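Below: one structure, written as structure tokens.
In what follows, every chain begins at residue 1, and chains take the letters A, B, ... in the order their sequences are listed. Quantities reported herein were computed from a predicted structural model and do not represent experimental measurements.
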Amino acid sequence: MRLERREMTQNSAATPSVRVRFAPSPTGFFHIGSARTALFNWLYARHCGGTFILRIEDTDKERDTEEALRVLIDGMRWLGLDWDEGPAVGGDFGPYFQSQRGDIYREYLQKLHNTGRAYEKDGAVWFRVSGKPALIRDVIRGDVSRLEEKDFVIVRSDGSPVFHLVNVVDDIAMRITHVIRGEDHLSNSSKHVELFHAFGQTPPIFAHIPLILKTVGSGKMSKRDSGSLVEEYRRRHFLPEAVRNYLCLLGWSPKNDREILSPSEMTQLFELSGINHNNARFDEKKLAHMNGEYVRRLPFDDFCCRAMPVLQEAHFLDGDVAADYIHSVLRICQEKLRGLEDIGTFCAYFFSENFPRDEKSWEKISRGGEPLARASEFLRAARELDEFAAENLEALVQQLADAHGRKTGEYIHAVRYAVSGQSVGPGFYALLQVLGRERVCRRLEALVKST
RNA sequence: GUCCCGUUCGUCUAGUCCGGUCCAGGACACCGGAUUUUCAUUCCGGCAACAGGGGUUCGAAUCCCCUACGGGACGCCA
């Protein structure tokens, strides 16, 4: 795979190898919008056989960067966005933390002083603009011209360099070919283009991607909005591949009506020119739907591996639970789950006698018949059954229904509620078989006696 | 206020560059039906959009202009 990519770049000899970067500042959160920016950079690098760089813009000393960096790195890894250069992996253009690049910034700043483009005022260093409109070459928007009218600060009076300067210097020093970032930076880009020219450099190609808007209300999504943080989905046991898949479809489309895409399909089809121009509203329901689809499609073994931590977290496995039993439960539940986070409520009655009961379903069942009577009839018959297996149970319910002139559904509803407290769940007969005769009869007895 | 970007079903989008095959396709959500057990699974069906107005053209969702609306940026934040 790696070799193939290298070959591809060599074949398109005229274009230098693509180098893109994701340059977050560690704030302690990994915003879903940042994640998508990272994803688009990653996809483009992988598509072109280029290099994906992770650069940490940690110029704010106030924050607890240790912990904040962890959130970022964990989030990136969780989403499967591996970087070729950056923290933990190194590279030829480091260091990859801006807090460690002071000498490089001073060196570049000197160039601006030498050419008269930088001057001091009020203790800060200012950049002298050219007075001409900057041309922003953007693969998504086309050419955008913008006049940067006023000089701006590039080094604060406390000596620390400003974002605009370090961003451009790093992009030059790291030989970035494409700057893929949020549209909120489009207006900044005229400043950056001016700086590139002042350093005697051709600016990189820009790709300003549309923003992600709040689900309801106006404005872009912020970290305060529900569902806006990557770590939240991780905590809720969403599958990272589902989150990644949803994110790549927000502002980009493979143009063939396909939605579930494997990573290799994604990287193969991804093009910057195919990115939309307009902002997209975030839709948690669609994400949840996609997550459910991924969960149901998981190979069973894989599903088990991912479900185990969820069972543990719900304390379902605190006692001694046989591995076979767990597997049987998971086997019948997988096809019905909307997401791993539902396991807590969906599977509780398999592991505890102290499971929640949905009173509303009971009322509904009671309105339509006499569930207690059906439960008693079933209980008597179930005790006598030779073998407590799905086929036998199905035959038994059919017999009861025939004998009493009732619908099988009446027995099923009553018994399901008695043993699970729910009106929904896995296939009924499989459910009983997995629970086993002893547990089923005990729960039926409890219900019949209690009323 | 100034500058920049945008505008197809409620939402994400295909179609726009290269005008006719689009009385606009897919998906989520919603509504209905089927699976003679439910359902949150699966299958089938339904609802629903080219922001408005002017051009150009035999013909415009697609090209041009204006208006309206939405978004972003205007920091010694990043």
Side-chain angles (χ1 to χ4, degrees), chain A residues 23-27 34 57-60 62 98 121-126 133 136 138 140-142 144-150 152-164 166-167 181-191 208 210-216 218-220 246 249-260 273-274 276-290 292-293 295-296 333-339 342 345-346 361 364-365 394 397-398 401 407-417 420 422-429 431:
Chain A
S25 67
T27 58
S34 302
E57 309 218 333
D58 59 344
T59 48
D60 192 338
E62 307 292 302
Q98 286 187 336
K121 191 177 93 183
D122 305 329
V125 180
W126 295 66
I136 303 156
D138 190 303
I140 298 171
R141 324 251 151 210
V144 177
S145 296
R146 208 181 105 93
L147 176 67
E148 199 58 46
E149 289 174 297
K150 292 186 290 189
F152 54 93
V153 170
I154 49 177
V155 180
R156 297 181 198 97
S157 43
D158 70 358
S160 61
V162 170
F163 160 73
H164 300 113
V166 297
N167 199 263
R181 53 167 34 159
E183 203 210 299
D184 47 346
H185 283 294
L186 185 53
S187 308
N188 286 150
S189 292
S190 44
K191 287 188 178 71
H208 286 96
L211 302 179
I212 297 178
L213 269 26
K214 293 177 200 282
T215 307
V216 289
S218 64
K220 59 177 177 175
Y246 173 73
L249 259 23
L250 211 52
W252 174 79
S253 145
K255 319 239 181 269
N256 58 6
D257 288 343
R258 299 258 331 275
E259 294 205 323
I260 302 284
S273 56
N276 289 139
H277 296 190
N278 46 319
N279 297 340
R281 226 171 252 282
F282 189 77
D283 186 353
E284 260 190 278
K285 282 189 177 162
K286 185 147 186 176
L287 203 202
H289 173 265
M290 190 164 269
E293 244 181 88
V295 167
R296 279 171 251 118
C333 289
Q334 181 180 11
E335 59 171 345
K336 298 280 184 160
L337 282 174
R338 289 161 122 191
D342 288 352
T345 52
F346 199 83
S361 343
K364 199 174 155 197
I365 298 166
E394 186 165 4
V397 168
Q398 192 60 57
K407 285 205 226 164
T408 53
E410 291 188 57
Y411 291 93
I412 289 163
H413 286 135
V415 176
R416 181 191 286 283
Y417 181 83
S420 76
Q422 308 282 316
S423 61
V424 300
F428 177 67
Y429 303 108
L431 161 69

Donor-acceptor pair, side chain of A:Ser190 and main chain of A:Leu147, under 3.5 angstrom
no
Closer than 3.5 angstrom, by distance alone: can the side chain of A:Arg181 be matched with the main-chain N or O of A:Glu183 as a donor-acceptor pair?
no
Interatomic distance, CZ@A:Phe428 vs CZ@A:Arg416, rounded to 0.5 Å, equals 7.0 Å
Please report the interatomic distance NZ(A:Lys150) to NZ(A:Lys191), rounded to the nearest 0.5 Å.
8.5 Å
Is it the case that over 12 heavy atoms from other parts of the model lie below 6.0 angstrom from the CD atom of A:Glu149?
no
Using atom C1' of each nucleotide, how far apart are B:U62 and B:A49 to the nearest Å?
15 Å
May I ask you to verify whether the side chain of [X] and the base of [N] hold a donor-acceptor pair under 3.5 Å?
| X | N | result |
| --- | --- | --- |
| A:Asp257 | B:G25 | yes |
| A:Ser157 | B:C76 | yes |
| A:Asp283 | B:A29 | no |
| A:Lys286 | B:A27 | yes |
| A:Lys285 | B:C28 | no |

What's the CG-C1' distance between A:Asn279 and B:A51, to the nearest Å?
16 Å
B:C77 P sits how many Å from A:His185 NE2, rounded?
15 Å
Under 4.0 Å, counting only non-hydrogen atoms across every strand here, what does [X] touch: a base, just sugar-phosphate, or nothing?
| X | answer |
| --- | --- |
| A:Asp122 | base |
| A:Gly219 | sugar-phosphate |
| A:Arg296 | sugar-phosphate |
| A:His164 | base |
| A:Ala280 | sugar-phosphate |
| A:Glu183 | base |
| A:Gly123 | nothing |
| A:Asn188 | base |

[N] - base-pair partner by Watson-Crick or wobble geometry, distances under 3.5 Å:
| N | result |
| --- | --- |
| B:C74 | B:G1 |
| B:C39 | none |
| B:C58 | B:G20 |
| B:U7 | B:A68 |

Measuring from the side chain of A:Ser253 (C-beta onward, heavy atoms only), which nucleotide among B:A14, B:U37, B:G72 has the closest atom?
B:A14
